[in-house]
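In what follows, a structure is listed as C-alpha cells, so that the remarks can point back to it.
Side chains are part of it too, since the values below use all heavy atoms of this structure and drop only hydrogens, waters and symmetry mates. Every number for a ligand or one of its atoms is a count from 1 in the order of the listing. All figures in this text were calculated on a predicted structure; none of them were measured in a lab.
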Amino acid sequence: MIKQRWVIKIGSALLTNNGKGLDKAAIASWVEQIVVLAQRDIEVILVSSGAIAEGMRRLGWNTRPDDIHQLQAAAAVGQMGLVQTYESLFAQHNMHTAQILLVHDDFINITQSNNVSATLNSLLTLGIVPIVNENDTVATEEISFGDNDTLAALVTNLANADQLVILTDQGGVYNTDPRKNKQAKLIDKIHVNAKTLEKVASRTAGSLGSGGMYTKVLAAKTASKSNTNTIIASGKEINILSRLGSGERLGTLIHC
Ligand code: GLU
C-alpha cells in the first residue's frame, strides 16, 4: 500500500490553551489521532510551535516581550517542555519522536536541504514522528512573522507531502474576520489562486503567536508549489485529524 505523507502544523494559541501553559489534554488528543493516522498508513511530520509560549509560562512572563533576544531565550526554555510533552505522550503509544530544529536557510542551501530531506525520510521509514520547530536561537523569521506557518509550507515542499494541515483556533478561512463580524461564513473550498483568498485573510495574530490567517494563506500558496493542497481547520474540533484521515471534509480546503 502506498503511504500518504501529511505535514501537520499546530500553532501556539492552540498548544498552550491561550497562555495557560501547554494544554496537555489537547496535545494528548492530537497525539492519539496521529497514532490513528499512522495505523491508516499516513505518515506525519508534525510542525509544532509553542516553545515561546511555554517558555513565557515557565519564566512567569505574562506578556510577550518585544525584545527578540528575550523571545529567543523563552523559545530555548520552552522547547524543552514541548519535546518532553510530545515524547512522553507518543511513548504511551510505543511510538518514537525526533526533534528537528530548522531555519529558512536550511531549505536554500542544497547540502543542508538534502540532509534534512534524507533525515526526514529515514525517520518516517522507521515509523518515527519528526517534531519540527524553527531553531529560534539561530533565526527569527517565524518569531517575527508566521508562527511556523511558512516553515510548515517549506517542510511540505521539501518532504513532497501529499497534504498540509494547519490547525488553528478558528474553524478555517472565513469570508470576513470572524473575530470582528459574527455573520462571517466559513469558506469550504477555494482555489489557491482565487483573488479573494488573500483579501479575506486577516493579518491580525493572537498575542501568543505571530501568525494569523494571512500567513496561513501564504503557506498554502507555498505548499501549492509542490502541488500540495492545504487544509486550515480548527484544532478544537473533536477528532479533527482522524476525521480528516477518514476523508471527512472539515475546515477550509485550499486546493491547487
Ligand atoms: N518557533 C516559535 C515557537 O515555537 C515561534 C512561535 C511564535 O512566534 O511564538 O514558539
- Query: Closest heavy-atom contact between Arg40 and Ser246?
  - Reply: NH1-OG, 3.0 Å
N/O separation below 3.5 Å, [X] to ligand 1:
X      : value
Glu134 : no
Ser48  : no
Gly50  : yes

- Measure Ser12 to ligand 1 on non-hydrogen atoms and call it side chain, backbone, both or neither using the 4.0 Å cut-off.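 The answer is the side chain.
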- side chain to side chain donor-acceptor pair (under 3.5 Å) contacts in which one or both residues fall within residues 68-77, not counting sequence neighbours: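 Output for this query lists His69-Gln72.
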- Message: Strictly below 4.0 Å, N to O, side chains only: are Arg249 and Asp188 in salt-bridge contact?
- Response: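 Answer for the salt bridge query: yes.
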Could you list which atoms of ligand 1 come closer than 4.0 Å to a heavy atom of [X]?
X      : result
Ser49  : 4 (O)
Ile52  : 3 (C), 7 (C), 9 (O), 10 (O)
Ala51  : 3 (C), 4 (O), 10 (O)
Ile143 : 8 (O)
Arg64  : 7 (C), 8 (O), 9 (O)

- Would you say Ala75 contacts ligand 1, with heavy atoms under 4.0 Å as the rule? no
- Task: Report yes or no: does a heavy atom of Gln79 sit under 4.0 Å from some atom of ligand 1?
- Result: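 No heavy atom of Gln79 comes that close to ligand 1.
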- Query: Judged by modelled atom types alone, do Glu87 and Gln99 share a side-chain donor-acceptor pair under 3.5 Å?
  - Reply: no
- Is there a donor in the side chain of Ser29 and an acceptor in the side chain of Gln33, or the other way round, less than 3.5 Å apart? yes
- Query: Would you say His93 has more than 12 foreign heavy atoms packed within less than 6.0 Å of its NE2?
  - Reply: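 Yes.
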Name each donor-acceptor pair under 3.5 Å that joins a side chain in residues 45-55 to protein atoms two or more places apart or in another chain, with its distance.
| from | atom 1 | to | atom 2 | distance (Å) |
| --- | --- | --- | --- | --- |
| Ser48 | OG | Tyr86 | OH | 2.9 |
| Ser49 | OG | Asp147 | O | 3.1 |
| Ser49 | OG | Asp147 | OD1 | 2.9 |
| Ser49 | OG | Asn148 | ND2 | 3.1 |
| Glu54 | OE1 | Leu22 | N | 3.4 |
| Glu54 | OE1 | Arg57 | NE | 3.2 |
| Glu54 | OE2 | Arg57 | NH2 | 3.1 |
| Glu54 | OE2 | Arg58 | NE | 2.9 |

- Query: Of the options Arg5, Gln4, Lys3, which is the one that meets Glu43 in a side chain to side chain donor-acceptor pair (under 3.5 Å)?
  - Reply: Arg5
- Query: Nearest heavy atom to atom 4 (O) of ligand 1: which of Asn133, Leu82, Val132 does it belong to?
  - Reply: Asn133
